[in-house]
Amino acid sequence: MKYRYAVPGDDFSMAGKASAEVKRILGQLGIDPAIIKRTSVAMYEAEINMAIHAGGGIAEAEISPERILITMADEGPGIPDIELAMTEGYSTAPEWIRELGFGAGMGLPNMKRNADEFRLESAVGKGTTVTMLIRLAPAPVAGGGGRA
Amino acid sequence: MNPDGEAPEGPGEAAPRLFHSVKLDPDKCVGCTTCIKKCPTEAIRVRKGRARIIDERCIDCGECIRTCPHGAKKAVSDPLSMIAGYRHTIALPAPSLYAQFDERWSIDRLLSGLLALGFDEVFEVAEAAELVTARSRGLFEAGPAADLPKPLISSACPAVVKLVQVRYPSLISHLAPLLPPVEVAARIAKHVLHAGEEGVGVFLVSPCAGKVTAARSPVGYARSALDGVIGIKDLYLPLRAVLGQAGDRIRSRAGRRGVEWARTEGEADALGERRSISVDGIASVIGVLEALENGKLKDVAYIEALACPAGCVGGPLTVENPYIARNRLRNRAEALPENAPPLSYEPPSDLGWSEAVAPRSALALDPDMLKAMIMMEEMDQLAAALPGLDCGSCGAPSCQALAEDVVRGVAVETDCVFKLRESVRELAGRLLALEELKPPGLDKD
Ligand SMILES: Nc1ncnc2c1ncn2[C@@H]1O[C@H](COP(=O)(O)OP(=O)(O)OP(=O)(O)O)[C@@H](O)[C@H]1O
Ligand code: SF4
Ligand SMILES: [Mg+2]
C-alpha cells in the first residue's frame, strides 16, 4: 500500500498532517503502538524539516507486512554538509523558529534513532531526500480476545 | 472476558455489552447527526434515525452530552435510594460539589446537608487528593519511579486514561500509575476508617460520568471500593432543599490544595512542578497528546489533562455553568488553609496501580494484520469514490468512517445519499435502455 501527501511549505503550523494520517492508518492496521510511535516521530521530524528548511515537498509511505518505508523528498536548498547536519545540536534555524520550540538540531539525529534504516541524500540547489525504513516485528501472538 | 482484543461490533449487533455511563435516550434522539462529528473516538453512528454508541470505543467523556441539542444523551448514575441497602453509609463528595452552590452556603453546611439526606458519615475526596499529590511528587524523585517516561500524564481523569488506551496506546507508559483521588477516598473510608465492618457503603457524589463506569470496571486496579456513584445533578435539588435546616453538624477538613483539584490547574498547582502543563476539553487534550506522540513536549514533566471544560467543575453530571463554578471554587478555596489538618488515621501505604493498563485496540480493522491490510485497500478505494463532503447523512462522522464501516460489514456504500443517487440514475438508464428493446418478432427493419 502506498500513500502520498503534499507537505505545504508556506505554513509550517500546518505541517504534521501527513504523519498524523499515516499514524491513523497504522493504528487501523493494528500495528504495535511502539512501532507506530517510532514511525510517527521520525516522519513528523522529516515533515517539519521540509516545511521549515525546504519550502515543502512530497511525503510517501509504503506499507507492507514486513516494513514501513517513508520517503520524504523536497526540491529545497539542499544540505551542504550532511555530516554536520547530522550532528546533534546543529541547526541553521532562525531565532524565531527556535522560540517556537523547533531548531534544537535534534530532528535528523532523532529520525536516525527511530528508523531501522536511514538514508539522507542531498544536493545543494537541487533538494533533499530522506528515506527511512521501519521493520515490522513478526506479528505478536494475539493475547486473547479475537472476534467472537 | 477480555473485550479489548475485539473488533468493535457494528451498531445494533448483539455483542457482549460493556458497561457505560453515557447512554442515549431513544425517545429524545431525532437522528440529527450533530453528536457523531464531535465524538473523539468516532464511537457514534446514526442508524434507523437514532444515534447508537459503539461500546468498545466509548470513553465516557461526555462530549456527546454537551453537544446534543435535544438532550438525548445522558450520563446514568446510581439513585440516592440505593443507600437504603447499607447499615452505615458514607458520602464522598467530590470537591466540584462545593462549586455548585452559592458561597453563602458554607462547605460545612453542604457536608451537613449530605447527612440530612440520610448519609451517616462524610469523607471528602479533596482530602484524598492531597495524598495523591504527595505520591505524585514521589514519581519525580530518585527511586524506582525515576525511570518512568516523562512527561507523565495524570491518570485522575478516567476519560483521558481511556482516550490514551483507544487512540494513543503508545503513550500508556506515560500515565502516572496512581489511583485517582476518588478511589483513594473510597479505600480510606471503607478499608481504613471502617476496616472489617459489615454493611458499610461508600458513595461518590460525582460530577463525572467516567467515574460511574470506573466504579464498575476500573482501569489500573482490579476492584473499586466504591459501592455506588450518585450524580451531583440528581442530588442537587434534594440537597438544596435541606440546606436551610441542615445546621453545621460537621466541619470540613479539606485544604485549598485538595479542593482545587476540581478545576483545571488545581492538580498541577498542588504538585508544584513548574514544568507541568494543564489542559482541559477533549479536543485540546487530543492536541497535546498528538504533540507528545510526535516527540514534542520534551521540556514538559507533567501533564494534567481533563476531558471537561474548566476541569471536573464542567463534568457532565454537574448543574452549574463550568466557568461560574470554577470561579466559585477559586473563591471558596482562597478562604481555606493550604492543606488538611494532620491525619488521624494511617492512609493506605500503596496508592499505586495494581494492574497493567492494556491498549484498547478498538480502532484496528482486524487483529490479523494481513486481513487488516486487505480491508484497508478496499476502504481506501471506497473512500476515494465517496464525495468527501463529510455530510453525516449516512450516519457516519465522515466519508472515511463510512468507508471503514462498509469494510467492517456494518454499513453499505449506498448509505451515502450521493452513491444512492448514482445507482438510481444508473438503474433508470438501464430501465430506459430496456424499454427501447422490442421483442424480435415485432422488430421491423
Ligand atoms: N529538508 C531539508 N532541506 C534543507 N536543509 C535541511 C533539511 N533538513 C535539515 N536541514 C538542515 O539540517 C539542519 C539540522 O536539521 P535537524 O532537523 O537535525 O535540526 P533542526 O530542524 O534545525 O531543529 P529541530 O529538528 O531540532 O527542530 C537544519 O537546521 C537545516 O540546516
Ligand atoms: S474532567 Fe473530571 S469530570 Fe470530566 S471526565 Fe475527567 S475526571 Fe470526569
Ligand atoms: Mg528538524
Side-chain angles (χ1 to χ4, degrees), chain A residues 1-4 13 15-48 61-66 68 100-102 104 106-107 109-111 113-114 136-148, chain B residues 1-9 13-16 42 56 149 164-174 286-287 290-300 356 358-380 400 403-404 407-409:
Chain A
M1 289 190 301
K2 200 163 177 170
Y3 297 89
R4 197 184 148 88
S13 64
K17 289 252 150 76
S19 47
E21 196 46 27
V22 169
K23 188 156 78 178
R24 176 189 64 77
I25 292 165
L26 297 177
Q28 287 184 319
L29 291 177
I31 286 170
D32 177 3
I35 293 181
I36 300 184
K37 174 143 203 237
R38 278 168 48 207
T39 309
S40 50
V41 167
M43 187 168 172
Y44 175 78
E45 290 288 1
E47 204 181 337
I48 294 286
E62 214 184 305
I63 307 163
S64 76
E66 295 80 35
I68 305 162
L100 287 170
F102 301 99
M106 293 302 291
N110 236 338
M111 290 176 226
R113 207 175 3 255
N114 281 288
L136 298 175
V141 184
R147 201 177 172 119
Chain B
M1 208 203 69
N2 165 25
D4 300 346
E6 285 193 356
E9 294 291 338
E13 268 179 59
E42 297 195 333
E56 284 76 3
V164 169
Q165 283 182 291
V166 174
R167 269 186 69 167
Y168 301 96
S170 78
L171 300 179
I172 285 179
S173 60
H174 287 260
I286 286 172
E290 280 293 330
L292 176 56
E293 202 169 49
N294 283 339
K296 292 281 129 188
L297 311 185
K298 289 195 193 74
D299 301 331
V300 177
R360 265 166 74 185
S361 54
L363 301 181
L365 293 171
D366 196 281
D368 176 349
M369 185 188 162
L370 281 178
K371 277 194 207 146
M373 288 188 80
I374 295 167
M375 288 168 82
M376 179 69 78
E377 277 181 355
E378 204 185 318
M379 179 175 131
D380 290 340
Q400 182 78 41
E404 185 185 331
V407 300
R408 286 182 192 275

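Reminder, nothing fancy here: chain letters follow the sequence lines and each chain counts from 1.
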**Study point:** Contact class of B:M375 relative to chain A, heavy atoms under 4.5 angstrom
**Key:** neither
Check your understanding: Hey, what do you get for NZ (A:K37) to CG (B:N294), rounding to the nearest 0.5 Å?
Key -> 9.0 Å
Review point. So which part of A:N114 gets closer than 4.5 Å to some heavy atom of chain B, the side chain, the backbone, both or neither?
Key: neither
Point to revise | Which atoms of B:I172 approach chain A - backbone, side chain, both or neither, heavy atom under 4.5 Å | key: neither
Study note, to complete from the structure: Cut-off 4.5 Å, heavy atoms of chain B, and the answer for A:L26 is neither
Review point. At what distance, to the nearest 0.5 angstrom, does OG of B:S170 lie from CD1 of A:I35?
Key: 11.5 Å
Check your understanding: Where on B:D299 is there a heavy atom nearer than 4.5 Å to chain A: the side chain, the backbone, both, or neither?
Key -> neither
Point to revise | Note, B:M376 side chain near A:I63 side chain (heavy atom, < 4.5 Å) | key: no
Exercise for review: Calculate, to the nearest 0.5 Å, the distance between atoms CG and CG belonging to A:L29 and B:L363 respectively.
Suggested key: 12.0 Å
**Study point:** Proximal component of B:K371, with respect to chain A [non-hydrogen, under 4.5 Å]
**Key:** neither
Point to revise | Beyond-backbone contact of B:K296 with A:F102, side-chain heavy atoms, under 4.5 angstrom | key: yes
Study note, to complete from the structure: Taking every heavy atom of A:G30 against every heavy atom of B:A364, the minimum-distance pair comes out as CA-CB, 3.7 Å
Revision key, fill the gap. Note: B:L370 and A:P65 closest approach over all heavy atoms is CD2-CG, 3.4 Å
**Study point:** From A:R24 atom CZ to B:Q400 atom CD, the distance as rounded to the nearest 0.5 Å
**Key:** 4.0 Å
Exercise for review: Report, as yes or no, whether the 6.0 Å neighbourhood of atom CZ on A:R4 holds more than 12 heavy atoms from other residues, nucleotides or ligands.
Suggested key: no
Review point. Mind checking what makes salt bridge (charged side-chain N to carboxylate O under 4.0 Å, His left out) contact with B:E293, not counting sequence neighbours?
Key: A:K23
Review point. What part of B:L292 lies closer than 4.5 angstrom to a heavy atom of chain A: side chain, backbone, both or neither?
Key: backbone
Point to revise | Flag if over 12 foreign heavy atoms under 6.0 Å of NZ, A:K17 | key: no
